[in-house]
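Notes follow once the structure below has been shown.
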Amino acid sequence: MNRQPRALLSVLLIGVIGFVGWRWYNSASTEQDNATEVVVSEQSTRGGSITVSLRSEPRSFNRLVDRSVPVDMFTFLTNSKLVRVNRATQELEPGIAEKWTVSPDNRTFTLTLRDGVTWSDGTPFTSADVVFTFQAIYDPRVESLLASSMMIGGKPVTVTAPDPKTVTLTMPAPFAPGLELLDNLHLVAKHKYEAALKAGKFAEAIGVATPPPDLATLGPFVLKSYVPGQRIVFDRNPRYWKTDTAGFQLPYLDQVILEIVPDQNAELVRLQSGQFDMLQQNIRPEDIATLRPLEQQGKVRLIDVGASLDPDAFFFNLRSPYWAKDPRRDWITRKEFRQAISHAIDREAFANTVFLGAGVPVWGPITSGNQKWFSPNIQRYGYSQARAKEILAGLGLINRDADAWLEDASGTEAHFTTIAYRGNSSIERGGAVLRDELKKIGIRMDVVPLEQGVVIQRMIKGDFESIMFLYTQSNLDPAINSDFWLSSGSAHIWNMNQPKPATDWEKQIDDLMVTVTSAGDQAERKRAFDGIQKIFAENLPVLYFVTPRLYMATSTRVGGLTPATLRPQLLWNAERMTVRQGR
Amino acid sequence: MGRYLLTRLAFALVLVFVVSSAALLLTRLAPGDFATMQGVDLSVEQREQLRERLGLNRSFAAQYLSWASHAIRFDFGQSMLYSRPVGGLVKERALNTAVLAIMALLFATAIGIPLGIYSGTRSGIGRSLIRVLSVIGVSVPPLIGSLALVFLAARTGWFPVGGMTSAAGIDLTWSQWIADLARHVPLPALALAIPMAAALERLQSEAIESASRERFVAASRARGVDRARSILRHAWPVSLRPVLGLYGVMIGTLFSGSFVVEVVTSWPGLGRLMFDALKARDLFLVAGCAATGALFLAAGTLIADLLLACTDPRVRAGERA
Amino acid sequence: MIRRAGIFLAALILFSLIAPWLAPYDAGRKFDDFLHAPPMPPHLDGLAPVVHPLVLADRLEQRFEADRSRTVRLPWVQHDDATPVFLLGADDFGRDVLSRLLFGARTSIGLSLVATLGAVLIGALAGAWAGYRGGWIDEAIMRVADFVLVLPVIYVVLVLRAVLPLVLPASTVFVLVAWIFIVVGWPFVAKGVRAIVAVERGREYVQAAQSLGASPLRILVVHLIPACAGHLLVQATLLLPAFILAEATLSFIGLGFPDPVASWGTMLAGAGNYNAVARFPWTLAPAVAIFAIVLLTNLLASQQTPIRD
């Protein structure tokens with residue numbers, strides 16, 4: 001090599017470094033201004049690879065039959081949706097369907113698909129694939145987990161394909177979230193899996209053992225390899241349909257590696273040593289101090305995403321048969337008892353102990369992280385031991401002897417048992433705080449930590465007095481989470497699958513849910529849901545105390561992030577992520 | 001010898017079968033099954049449907065018989081968690097664990113035994129130092145020991161802080177892949193080996209100390225054999241008895257995989273697989289993992305017994321008595 | 001040697017019994033503003049040892065600053081809840097590590113001693129019997145030992161837990177856990193003892209005893225097991241720390257002491273994370289305590305007749 005090209009090369013190199021540095025500088029400064037906005041402008045450097053941690057082993061790559069975190073991550077990276085809920089704005093935005101029209105009765109949606117969308121194997125994507133996907137979801141042999149959420153009032157959506165570029169969806173009943181339903185729809189390729197579906201082998205056709213070329217996908221990345229127990233490697237999908245505003249084909253990155261690391265400690269160390277660019281989950285509040293020095297050195301970026309959508313839940317068993325022979329039956333399922341407990345908890349102290357102060361007091365299941373549905377005007381139970389004791393006295397619970405505990409008229413002590421699972425620090429600590437606070441007002445609470453599986457089994461069987469638990473909601477729209485709200489729902493955790501509402505207030509919620517699910521007008525839906533939150537806050541079937549602030553940690557190499565509160569908080573927008581080259 | 005081996009083999013097979021059956025029974029008895037572990041994501045009907053498909057609603061006897069009749073033909077059923085045959089899953093992880101276990105065994109033996117011989121036959125500062133170190137080795141919890149090693153690796157950069165291969169691994173040639181693996185093995189292997197080396201040191205030290213008091217060792221010294229030689233030639237083989245008695249168990253435990261070390265160092269081994277299976281109540285996978293553990297333990301005990309027969313002539317006589 | 005072991009044992013038991021009275025605070029007492037507070041080194045003010053009180057500087061980062069303008073007497077002298085004194089620092093709940101260490105001594109030492117003695121006793125008998133009789137008895141005992149070694153104990157505990165009432169008093173937990181440890185621990189002892197006895201039984205003194213008509217049990221207890229004394233002691237020093245730590249594993253699957261009861265195993269399990277190792281090393285204090293006990297036991301084991309050269 002003679003001298004000239006070498007000099008040229010150096011100049012070029014310096015230029016590139018300068019450009020990248022400048023871009024990075026810009027992105028870093030905008031990010032500090034507003035953490036929840038789009039961080040990087042649309043034109044970006046292309047190429048590079050990022051490594052993200054994955055906490056558990058994938059069981060399947062088929063989103064239709066599995067909804068664990070790894071398959072969710074897999075789906076976000078390798079798939080595109082017809083329309084999606086933008087995680088940051090929490091609004092619907094076009095995907096493969098570039099536009100749609102709604103019939104006057106709000107039941108029929110006509111979607112127009114983009115031109116030139118192809119599967120990763122080069123086969124054109126058509127409306128027939130959408131019809132096939134619905135067919136697969138509704139096929140009873142597939143046992144799809146999506147089936148129930150894709151049904152409206154227990155009936156399937158009618159899907160037709162008038163021409164290759166058009167899909168019509170007809171809802172069997174008025175369904176207010178409308179196309180938000182499609183945010184859960186994982187499209188599958190008809191040309192690949194039709195035979196498997198016919199043979200009743202659809203679930204296995206898209207498995208972890210399926211060779212990558214046999215997985216036809218539509219997303220920004222394609223699976224390159226999966227090494228069990230170690231990593232999943234994704235390459236850029238050269239056939240991805242999306243471009244940025246400047247016309248560059250997305251994604252910017254060449255490669256995404258999900259490194260399987262089951263342990264939070266190991267995850268943290270690898271982020272610190274620069275082997276990881278991003279962690280799958282939010283970091284614990286106690287890890288912040290560990291990462292702060294690196295933040296100051298400019299190696300790691302900590303992003304405060306805001307209040308988590310999922311506060312830890314505490315609830316009593318409200319099945320009346322369970323308490324029929326119990327001497328405590330007269331007061332333990334009364335709403336006043338729960339209101340007294342809510343009054344007795346100092347939520348600020350709770351946040352300090354459990355989340356090191358990085359928490360927001362909450363009074364219901366919908367936190368301020370859910371921009372559209374959060375209702376600030378529900379009843380709040382201010383911290384007051386006196387008020388709590390007064391309410392308990394109203395239930396006949398007063399201290400009738402020399403000990404520290406309250407008793408009812410028949411002499412039964414005010415006590416109950418809570419089961420919680422081990423290994424979740426916020427639940428363990430929360431349980432301890434609760435026990436100490438209730439002791440101050442004379443209620444004895446025994447916290448029994450059990451193995452996670454045993455807790456779930458008891459919860460489903462209804463064999464518990466009370467539980468501390470983390471229930472995660474998969475959707476922002478309550479209409480899609482209706483299993484939690486409806487008395488007949490399978491996730492109505494305090495009293496599941498009721499044949500008919502056991503109480504008046506549950507009936508009221510059921511009735512209001514009809515409006516939330518089917519009203520065409522968003523304001524009307526919101527009003528109805530505000531009503532539900534109000535009833536919920538008065539009756540407190542589930543008590544919530546504090547929701548943590550979510551902190552995400554990434555390497556400063558990574559740009560183009562749009563943090564959101566909904567999972568996956570960062571990776572949902574993987575096609576726009578960029579990376580500063582070289583370490 | 002041949003007959004002895006044959007009996008041992010038969011016993012090993014019985015052990016494997018009994019252990020996996022017991023694991024199956026216990027899993028059925030434990031609260032909750034695979035379907036309930038899916039939580040409230042499933043509706044009541046879906047849960048029943050899943051139970052039906054997986055055969056969880058059948059009686060234990062029926063389920064056990066069908067499993068056993070397949071297991072005899074080396075078909076250990078389908079993992080519920082991963083929807084893959086148990087045999088393949090276990091094999092893939094057992095290989096990873098074997099790599100780690102062999103290294104850890106080498107480390108533990110190479111560190112523990114010589115130190116034990118030294119500290120059991122000498123007095124002075126070296127002996128005390130070794131003793132204190134091995135007491136540290138046995139009293140530090142494995143979790144904290146591995147974390148400390150990871151911490152050290154992260155600070156010094158001597159070793160990768162975890163994983164079995166690096167991400168570039170899939171594009172490497174065979175020799176590069178081996179080199180990559182060799183860089184990743186020492187950290188988890190040390191985490192496993194240190195407590196084991198400490199235990200071996202303690203056992204060996206005590207054993208050789210009491211063996212040195214034997215008359216024939218003194219006799220050999222009296223014949224003019226020098227000290228080091230008399231220890232190695234005469235006292236050591238005798239002292240190996242109790243050490244090897246436990247060595248077999250160590251081989252068995254190492255090859256069954258250690259959950260703690262595998263999780264902290266992200267090693268894709270059997271321990272992690274077993275733990276995930278236990279947590280999810282993945283019936284056949286639990287049985288498969290337990291069977292593998294039993295197999296390794298039986299093999300370990302056999303190896304230890306054979307080693308013993310090689311080193312101590314009296315044993316061979318004793319075995320036939 | 002046996003007498004010395006007895007004295008040591010008695011001292012250990014005595015210590016674990018009186019330790020809770022020495023604790024400055026209750027084992028379950030939480031100080032919300034002092035999560036992970038660092039140890040406060042005492043210094044002398046005149047003749048009285050005092051410390052500077054800590055003030056929370058940053059809650060999220062768990063940073064504290066010592067208030068050098070004030071001093072506080074030690075908690076045994078003066079109890080002031082506003083300015084708690086943590087000589088060994090505080091844990092993730094803001095509980096005094098020293099107090100929990102002292103309270104935990106009773107649980108952990110008590111439990112592991114009982115379990116170790118039980119496992120050594122049963123293991124020695126089973127191992128000696130197997131080694132002495134040989135043949136099919138030997139095979140049977142050793143295969144049972146193998147079986148116990150590879151059985152997934154977690155499930156045994158889960159099944160056991162499922163049939164027990166939800167709230168268990170600490171004494172029941174103690175007995176249950178001790179039994180589980182004995183059952184899990186004896187095979188280790190048995191393996192070593194069998195190996196020794198299989199050789200010892202060929203010795204002249206055993207044959208002499210046999211020819212004198214001593215019963216097998218007598219030969220085992222009087223001749224063969226004492227021959228393994230050194231080995232048993234080493235085994236005990238290996239089992240002791242293992243049991244102290246294993247208690248945390250059982251508590252993880254639901255068979256643990258109810259929360260305010262402190263134990264070294266659960267303390268260490270709580271400290272088993274990267275932050276603790278890197279930033280709060282004082283939470284590892286129980287490991288040091290275990291080390292001290294094991295070291296003492298070890299020194300005791302080595303005080304046998306020295307080798308004459």
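Proteins get letters first, then strands, A, B, ... in listed order; numbering begins at 1 in each. All heavy atoms count here, side chains included; hydrogens, waters and symmetry mates do not.
Looking at Gln38(B), only its side chain comes within 4.5 Å of chain A, counting heavy atoms on both sides. Only the side chain of Leu147(B) comes within less than 4.5 Å of a heavy atom of chain A; its backbone N, CA, C and O stay farther away. Using a 4.5 Å cut-off between heavy atoms, Ser53(A) does not touch chain B at all. Contacts between Ile460(A) and chain B at a heavy-atom distance below 4.5 Å involve the side chain alone, from C-beta outward. For Gln46(B), the part lying under 4.5 angstrom from a heavy atom of chain A is the side chain only. Heavy atoms of Val454(A) lying under 4.5 Å from chain B belong to its backbone as well as its side chain. With a 4.5 angstrom heavy-atom cutoff, Arg67(A) touches chain B only via side-chain atoms. In this structure, the portion of Ile493(A) lying under 4.5 Å from any heavy atom of chain B is its side chain and not its backbone. Phe484(A) does not touch chain B: none of its heavy atoms, backbone or side chain, sits under 4.5 Å away.
Ion pairing between a basic and an acidic side chain is recognised when a charged N comes within 4.0 Å of a carboxylate O; Arg63(A) and Asp72(A) show such pairing. The pair Arg73(B)-Asp75(B) does not meet the salt-bridge criterion, since no charged nitrogen lies less than 4.0 angstrom from a carboxylate oxygen. Salt-bridge annotation for Arg281(B) and Glu451(A): present, with a side-chain N of the basic residue lying under 4.0 Å from a carboxylate O of the acidic one. A salt bridge is defined here as a Lys NZ or Arg NE, NH1 or NH2 lying under 4.0 Å from an Asp or Glu carboxylate O, and Arg84(B) with Glu204(A) fails to meet this definition.
Partner of Ser266(B) under the side chain to side chain donor-acceptor pair (under 3.5 Å) criterion, chosen from Gln230(A), Glu259(A), Arg270(A): Arg270(A).
No other option in Lys279(B), Arg53(B), Glu45(B) has as many heavy-atom pairs under 4.5 Å with chain A as Arg53(B). The candidate from Glu267(A), Glu57(A), Met459(A) with the greatest count of non-hydrogen atom pairs under 4.5 Å with chain B is Glu57(A). Of the residues considered (Thr265(B), Val263(B), Val264(B)), Val263(B) shows the highest number of contacts with chain A, using heavy-atom pairs under 4.5 Å. Of the listed residues Ser148(A), Ala147(A), Pro228(A), Ala209(A), the one with more heavy-atom pairs under 4.5 angstrom with chain B than any other is Pro228(A). In terms of heavy-atom pairs under 4.5 Å with chain A, the best-connected choice from Ser43(B), Ala154(B), Ser146(B) is Ser43(B). No other option in Pro262(A), Gly453(A), Ala266(A) has as many heavy-atom pairs under 4.5 Å with chain B as Pro262(A).
A perpendicular orientation is assigned to the rings of Phe74(B) and Phe76(B), their planes being inclined by more than 60° (bins at 30° and 60°).
At least one side-chain heavy atom of Val69(A) sits under 4.5 Å from a side-chain heavy atom of Gln280(A).
In the model, Asp254(A) has no side-chain atom that pairs as donor or acceptor with a side-chain atom of Ser49(A) under 3.5 Å. Side-chain atoms of Thr165(B) and Arg231(A) include a donor-acceptor pair closer than 3.5 Å.
In this structure, Phe234(A) has its ring center at least 6.0 angstrom away from the ring center of Phe221(A).
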